[in-house]
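Input: a single structure, listed below in structure tokens.
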Amino acid sequence: MPLGEFALIDRYFRAAGAPRADVVLGVGDDGAILRPPPGCDLIAVSDTLVEGVHFPPGSPAASVGHRALAVNLSDIAAMGARPAWALLALTLPQVDEAWLEDFARGFAALARTHEVALVGGDTTRGPLMVNVQVMGFVPQGQALRRSGARPGDLLCVSGTPGDAAAGLRCLQTPGLLDASADQSIREAWRTLQQRFEYPTPRVDLGLRLSAIASACIDLSDGLAGDLDKMLAVNRCAAIIDLDALPRSAAMGTLVATGAVSALDALRYTLGGGDDYELAFCVPTSRRSALDELTRAAAVSVIGEVIELKDSAAPRLSVRSPRKGLTDAAPTDADLTDLLKAAVGFDHFAA
Ligand code: ADP
Ligand code: MG
């Protein structure tokens with residue numbers, strides 16, 4: 001007999017999070033009863049993953065469960081908040097118990113890592129789609145925002161943006177892995193696939209940034225596009241130092257072996273999406289706190305916020321020299337085009 005809706009929720013989702021004392025009543029009633037701590041602002045975020053739009057059809061269920069929560073935790077991190085509670089609205093084409101078990105496992109592992117309780121949700125039939133909402137706390141008035149940057153601030157990013165987009169490209173290119181005879185190339189591609197399937201939300205970094213950053217955004221659409229969004233809010237421009245852009249060991253292997261050109265690696269870094277890293281600005285007066293942070297976390301200073309002199313001009317520009325790009329020797333016009341394409345990502349564009 002197929003599993004009924006209530007049995008399904010009970011079996012897979014009642015315990016798919018961390019236990020928390022501030023959950024007065026969780027899954028099972030018409031609503032959850034939650035008790036926010038005094039003196040805190042409540043931060044609420046929501047993000048949806050649609051099969052075929054946000055992840056390839058047939059993606060591992062554990063990855064879908066992980067990503068559905070990770071993309072929300074990344075928004076919470078970008079606000080400098082500590083996550084606490086999640087709601088999960090799941091639309092399923094059919095009840096596939098093996099899929100549900102893996103999905104719940106992927107979700108629960110990340111929820112427990114970040115002490116997030118799953119306090120409710122909704123389960124319906126339809127094309128595969130996962131909506132998650134997460135709530136978290138921040139001491140009153142201390143949330144990070146996209147606004148607050150000033151000319152002169154240092155521009156920083158966590159991790160190595162571009163990896164997830166390269167990994168997705170590999171997942172979507174049949175035969176790419178098999179065609180790579182070299183073991184080190186295959187391993188590098190697999191590492192990048194993992195960065196797409198299991199992104200790491202930078203929750204701890206977000207908490208530390210509350211006291212350091214003037215503005216913050218998480219990277220979902222691509223480094224250049226998301227930086228552009230943050231700069232637009234601040235009516236500022238920025239100059240990126242190409243040589244300071246971080247590159248993972250895996251991407252380094254692919255470039256060194258010629259599996260990916262240096263120019264394509266730059267395209268991934270600036271234009272790729274799905275990284276869920278944090279980009280943020282730091283006033284130079286907090287340079288020593290930033291230095292301490294860069295020693296403890298994978299954070300790179302990649303440029304500087306500057307005045308926006310001409311509101312019709314592009315907000316992002318790049319600084320030469322650009323060692324490592326010798327194979328393609330891009331001209332300044334090439335780089336301007338690359339940047340323009342990288343900024344231009346739009347969910348609703350044709
Ligand atoms: P209602 O019909 O009142 O909206 P439901 O029957 O849909 O309630 O849900 C029963 C309980 O199960 C509620 O507490 C709801 O929050 C929870 N729930 C439903 N689907 C999920 C899910 N996918 N994950 C977690 N909790 C869920
Ligand atoms: Mg009800």
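First listed ligand is number 1; within each ligand, the first listed atom is number 1.
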| message | Are Phe137 and Trp85, when compared by the centres of their aromatic rings, separated by less than 6.0 Å? | response | yes
| message | Out of the candidates Leu73, Leu110, Ile76, Asn72, only one should pair with Val116 under the side chain to side chain contact (heavy atoms under 4.5 Å, CB included) rule; please name it. | response | Leu73
| query | Which ligand 1 atoms, with their elements, are less than 4.0 angstrom from a heavy-atom of Phe6? | reply | 6 (O)
| Polar atom proximity, Val119 to ligand 1 (N or O, under 3.5 Å) | no
| remark: Checking heavy-atom distances from atom 22 (C) of ligand 1 to each of Leu25, Leu8, Leu88, the winner is Leu88
| ILVMFWY network linking Val282 to Leu205, side-chain heavy atoms under 4.5 angstrom | yes
| said: Whether the Arg190 and Gln193 side chains hold a donor-acceptor pair (N or O, under 3.5 Å, no angle test) is what I'd like checked. | reply: no
| Taking only heavy atoms of Phe13, which atoms of ligand 1 are found under 4.0 Å from at least one of them? | 23 (N), 24 (N), 25 (C)
| note | atom 14 (O) of ligand 1: of Asn131, Ile9, Leu90, Asp29, the nearest heavy atom sits on Asp29
| Are any of the side-chain heavy atoms of Pro127 and Glu51 separated by less than 4.5 Å? | no
| field | Arg202 with Asp218: basic N within carboxylate O range, under 4.0 Å | value | no
| task | Can you sort out which atoms of ligand 1 are near Val27, meaning under 4.0 Å from one of its heavy atoms? | result | 12 (O), 14 (O), 17 (C), 26 (N)
| field | Contacting atoms of ligand 1, where contact means under 4.0 angstrom from a heavy atom of Gly120 | value | 16 (O), 25 (C), 26 (N), 27 (C)
